[in-house]
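None of these values were measured; they are calculated from a predicted model.
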Amino acid sequence: MPKIEKNKKSSAYKVEKVFFNPRFLFFYFHMSWKNRIFAAVLKSEISYSKIYKANKIMEISALQKERAAYQPKLPKALQGAVKIVEGAPTKSVDNQEEIKKLFPNTYGMPLIEFVPGEENSTKRINIGVILSGGQAPGGHNVISGLFDAVKKLNSENRLYGFLMGPGGLVDHKYIEITADFIDQYRNTGGFDMIGSGRTKLEKEDQFEKGLEIIRKLDISAIVIIGGDDSNTNACVLAEYYAAKKYGVQVIGCPKTIDGDLKNDQIETSFGFDTATKTYSELIGNIARDCNSARKYWHFIKLMGRSASHIALECALQTQPNICLISEEIETKDLSLNDIIEDIAKVVARRAQDGRNYGVVLIPEGLIEFIPSIGRLIGELNDLLAKHGNDYKDLDIEKQRAYIIEHLSEENKATFETLPDGVARQLSLDRDPHGNVQVSLIETERLISDMVEMKLNKWAKQGKYNGHFATIHHFLGYEGRCAAPSNFDADYCYALGTSAAQLIANGKTGYMAIVKNTTEKAEDWIAGGVPITMMMNIERRNGELKPVIRKALVDLEGAPFKEFAKLRTRWATETSYIYPGPVQYWGPSDVCDQTTRTLALEQGKDVFVY
């Protein structure tokens with residue numbers, strides 16, 4: 001067995017003894033030192049934790065150094081000893097009987113609120129934590145809050161991070177998170193502390209395989225930090241372990257920049273605040289450039305998968321000429337041609353005033369909300385689930401012919417109008433949760449090309465006499481790993497602390513929550529909500545499944561109504577706002593302001609005109 005020791009003169013590890021297999025030696029001496037380590041790991045029982053940390057050498061920026069000193073603020077109830085107050089039993093948002101039948105051990109539990117107590121439990125608990133799904137600013141602070149809270153409960157408690165998402169639990173890839181290690185990541189963006197992944201936890205063999213490492217590490221609870229799909233998996237895992245009486249708790253935390261994991265109990269998902277401020281800075285920069293050059297229309301697609309929360313929030317912060325809201329388009333049953341005509345009218349109207357420039361915001365999930373395409377996607381989902389293996393390996397032309405042959409007449413007509421690339425993405429490409437990968441569809445380019453065609457037609461008819469030049473942008477990954485705003489740094493730290501208290505009080509199948517978030521952090525209200533309370537039955541991949549209900553933009557809500565009141569003026573005038581970058585130090589009204597969405601939902605208008 002090879003032996004690995006740390007070289008005291010460097011951060012590298014060296015292998016002192018290698019295998020005497022000639023074939024192994026040949027490849028070994030042609031490897032980099034890092035790959036040699038991993039080759040050795042394959043042949044030994046060396047701790048993956050040790051190797052992972054050895055390769056996590058980081059360069060520290062001036063900002064990161066200063067932000068590391070920031071101490072996130074906690075609600076009063078979490079600052080000292082904690083006790084819980086339980087509310088009335090809960091029920092799911094819909095399909096109550098079906099959800100209760102599927103989750104008999106975790107259904108109907110009460111809401112929980114934390115209040116100041118006299119003394120905390122000192123019971124020994126080891127916890128495992130998983131980052132699941134796409135990155136969101138603040139994930140490291142959830143883990144920091146969790147770490148500090150469990151160590152405060154009992155200094156002997158241990159926190160283990162499962163690497164690269166839920167797959168780390170199944171494959172037994174983990175590290176122990178220590179004080180020295182976590183201090184590198186406080187108040188930083190990204191999920192690079194332990195990595196993330198999209199492995200779904202939904203099969204019994206996965207649960208049992210995970211249990212092996214849980215038992216080995218004497219873990220009492222698993223915390224899954226993720227969005228609606230990941231927390232649905234957390235609920236399934238909690239129910240399974242409870243049904244088997246394994247004594248393993250499972251707690252979720254609400255993560256997603258998309259903003260669609262919210263309800264009466266979850267005011268906002270973490271990361272939404274930072275991401276929308278980051279995107280708004282970039283949109284403001286683009287708008288200022290647009291207003292300087294005055295010769296381009298900028299079509300900007302914004303990440304958000306399904307819901308339009310990001311697009312709406314960025315519109316409220318920057319005041320573009322046009323912002324499409326998918327939920328409104330679906331409600332009004334607008335066709336793709338209707339959307340194109342509306343945009344072209346604004347372009348033509350501005351051209352009359354000599355303004356051959358503008359900014360258009362497009363939500364990532366728009367194409368799914370156009371009713372005719374939405375109906376097509378629904379049938380394609382069923383077709384893919386039942387017959388995908390029959391056509392997935394055929395060439396493109398045969399795939400298209402097979403799909404057209406098996407579609408209804410209405411959906412066939414829609415499918416035939418789509419470009420080949422878009423048609424393939426809708427019919428075949430899916431993420432691990434069965435969702436259309438809308439980020440891969442260049443909706444912004446598709447729409448601008450169709451607007452140009454419409455304008456050219458109008459020009460020939462004498463209805464348009466302007467110049468239309470376009471630039472395209474997709475803002476997505478630019479905001480997912482930004483250093484968290486003060487709000488997200490505080491919010492996430494409080495969520496991690498709440499998760500620790502739920503575990504210390506013996507709870508499972510709960511999501512950590514923090515409410516009253518438009519007030520000062522000390523006045524926030526922390527607690528937990530049963531995950532089953534947020535669930536309903538939906539069709540996924542051709543099957544009916546229990547899932548957490550997504551929160552779409554409420555067309556009767558204050559944020560949309562404010563937007564609808566102002567957008568006509570934005571379309572004709574040039575009313576851009578340039579919000580600038582996320583602020584970490586300075587006046588509170590600059591550094592600690594919440595999103596426009598959250599402020600309006602809580603009846604607190606923070607607009608500056």
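Under the 3.5 Å distance criterion, with hydrogens and angles disregarded, a donor-acceptor pair is assigned to the side chains of Gln265 and Lys515. Thr276 and Glu313 form no side-chain donor-acceptor contact under 3.5 Å, judged by distance and modelled atom types alone. With 3.5 Å as the limit, one finds a donor-acceptor pair spanning the side chains of Ser308 and Ser326. Defined by atom type and a distance below 3.5 Å, a donor-acceptor pair is missing between the side-chain atoms of Glu202 and Tyr240. Remark: the Asn456 side chain and the Tyr464 side chain contain no N/O donor-acceptor pair separated by less than 3.5 Å.
Looking at heavy atoms from C-beta onward, Ile322 lies out of side-chain contact with Trp570 at the 4.5 angstrom threshold. Between Pro137 and Ile257, some side-chain heavy-atom pair lies under the 4.5 Å cut-off. Between Arg198 and Ser230, the closest side-chain pair of non-hydrogen atoms is not below 4.5 Å. Side-chain atoms of Tyr357 and His298, non-hydrogen and from C-beta on, never get closer than 4.5 Å to each other. You'll find the side chain of Leu211 reaches within 4.5 Å of the side chain of Glu208, heavy atoms only. No side-chain heavy atom of Thr508 sits under 4.5 Å from any side-chain heavy atom of Asn105. The side-chain heavy atoms of Val93 and Asn263, taken from C-beta on, include no pair separated by under 4.5 Å. Counting heavy atoms from C-beta on, the side chains of Trp458 and Lys345 come closer than 4.5 Å.
Separation of atoms CE (Met535) and CD1 (Ile548) is listed at 6.0 Å; rounding is to 0.5 Å. For the atom pair CG (Asn233) and NZ (Lys200), the distance works out to 6.0 Å, reported to the nearest 0.5 Å. Going from atom CG of Asp342 over to atom CG of Asn337 covers 9.5 Å, rounded to the nearest 0.5 Å. For the atom pair CD1 of Ile251 and CD1 of Ile225, the computed distance is 12.0 Å after rounding to the nearest 0.5 Å. In this structure, Met533 CE and Tyr107 OH are separated by 9.5 Å, a value rounded to the nearest 0.5 Å. Note that CD1 of Ile286 is 5.5 Å distant from CG of Leu475, once rounded to the nearest 0.5 Å.
Contact record, Cys290 with Tyr576: SG-OH, 3.9 Å, taken as the closest heavy-atom pair. Heavy-atom minimum distance, Ala512 versus Pro254: O-CD, 3.4 Å. Scanning both residues, Ile130 and Pro166, for their nearest heavy atoms gives CG2-N, 3.5 Å. The shortest heavy-atom contact between Lys398 and Leu394 is CB-CB, 4.0 Å. Taking both residues in full, the closest heavy atoms of Leu131 and Gly195 are given as CB-O, 3.7 Å, listed atom of the first, atom of the second, then distance. In plain terms, the two heavy atoms of Leu334 and Ile370 that are nearest each other are O-CG2, 3.7 Å.
Applying the salt bridge (Lys or Arg N to Asp or Glu O under 4.0 Å) rule to Glu341 yields the partners Lys454; only residues at least two apart in sequence or on another chain are considered. Not a single salt bridge (Lys or Arg N to Asp or Glu O under 4.0 Å) links Arg480 to another residue, sequence neighbours left out. Applying the ring-ring contact (aromatic ring centres under 6.0 Å, His included) rule to Phe299 yields no partners; only residues at least two apart in sequence or on another chain are considered. Contacts of Phe487 classified as ring-ring contact (aromatic ring centres under 6.0 Å, His included), with partners at least two apart in sequence or in another chain: Tyr491, Trp524.
Remark: side-chain polar atoms of Glu330 are not paired, donor with acceptor, to backbone N or O of Phe369 under 3.5 angstrom. Judged purely by atom type and a 3.5 angstrom limit, Asn356 has no side-chain atom pairing as donor or acceptor with the backbone of Phe468. With Asp228 contributing its side chain and Lys550 its backbone, the two residues share no donor-acceptor pair below 3.5 Å. With hydrogens and angles disregarded, a donor-acceptor distance shorter than 3.5 Å links the side chain of Asn536 to the backbone of Val547. Without hydrogens or angle criteria, Asp260 side chain to Ala551 main chain gives no donor-acceptor distance under 3.5 Å. Without hydrogens or angle criteria, Ser306 side chain to Gly365 main chain gives no donor-acceptor distance under 3.5 Å. A donor-acceptor pair under 3.5 Å is absent between the side-chain atoms of Glu444 and the main chain of Ile300, judged by distance alone. Without hydrogens or angle criteria, Asp395 side chain to Glu397 main chain gives a donor-acceptor distance under 3.5 Å. A donor-acceptor pair under 3.5 Å is formed between the side chain of Thr532 and the backbone N or O of Thr106. Using a distance-only test at 3.5 Å, with no hydrogens or angles considered, a donor-acceptor pair links the side chain of Lys255 to the main chain of Gly134.
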Ser335/Asp338 under side-chain hydrogen bond (donor to acceptor under 3.5 Å, both in side chains): CA gap, chis, key distance, verdict: CA-CA 5 Å; Ser335 67; Asp338 293 331; 3.1 Å; yes
Run the side-chain contact (heavy atoms from CB on, under 4.5 Å) test on Leu316 and Leu600 for me, step by step, so that the C-alpha distance in whole Å, both residues' side-chain angles and the decisive distance to 0.1 Å come before the verdict. CA-CA 11 Å; Leu316 291 169; Leu600 286 165; 4.1 Å; yes
Ile224/Leu237 under side-chain contact (heavy atoms from CB on, under 4.5 Å): CA gap, chis, key distance, verdict: CA-CA 10 Å; Ile224 296 179; Leu237 186 64; 4.3 Å; yes
Does His309 form a side-chain hydrogen bond (donor to acceptor under 3.5 Å, both in side chains) with Thr597? I'd like the steps, not just the answer. CA-CA 8 Å; His309 296 294; Thr597 297; over 6 Å; no
Could you please spell out the steps behind the side-chain contact (heavy atoms from CB on, under 4.5 Å) verdict for Asp258 and Ser269? CA-CA 8 Å; Asp258 297 357; Ser269 54; over 6 Å; no
Quick one: do Gln135 and Ser196 satisfy side-chain contact (heavy atoms from CB on, under 4.5 Å)? Show the steps, please. CA-CA 7 Å; Gln135 290 74 257; Ser196 184; 3.9 Å; yes
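Under 4.0 Å is where a charged nitrogen must lie from a carboxylate oxygen, and between Lys262 and Glu267 no such pair does. Between Asp229 and Arg305 there is a salt bridge, since a side-chain N of the basic residue sits under 4.0 Å from a carboxylate O of the acidic one. A salt bridge links Lys277 to Asp273: at least one charged side-chain nitrogen sits closer than 4.0 Å to a carboxylate oxygen.
Counting non-hydrogen atoms of other residues, nucleotides and ligands closer than 6.0 Å to NZ of Lys91 gives a total of 12 or fewer. Atom CG of Asp264 sits in a sparse spot, with 12 or fewer heavy atoms from other residues, nucleotides or ligands closer than 6.0 Å. Other residues, nucleotides and ligands contribute at most 12 non-hydrogen atoms within 6.0 Å of the OH atom of Tyr296.
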Sequence neighbours excluded and cut-off under 3.5 Å, please list the side-chain donor-acceptor pairs for residues 95-103, or say none.
{"residue": "Asn95", "atom": "OD1", "partner": "Ile537", "partner atom": "N", "Å": "2.8"}
{"residue": "Gln96", "atom": "NE2", "partner": "Ser92", "partner atom": "O", "Å": "2.8"}

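Residue pairs meeting the side-chain hydrogen bond (donor to acceptor under 3.5 Å, both in side chains) criterion with at least one partner in residues 404-414, sequence neighbours excluded, are Arg375-Glu410, Glu379-Ser408, Glu379-Asn411, Ser408-Asn411, Glu409-Lys412.
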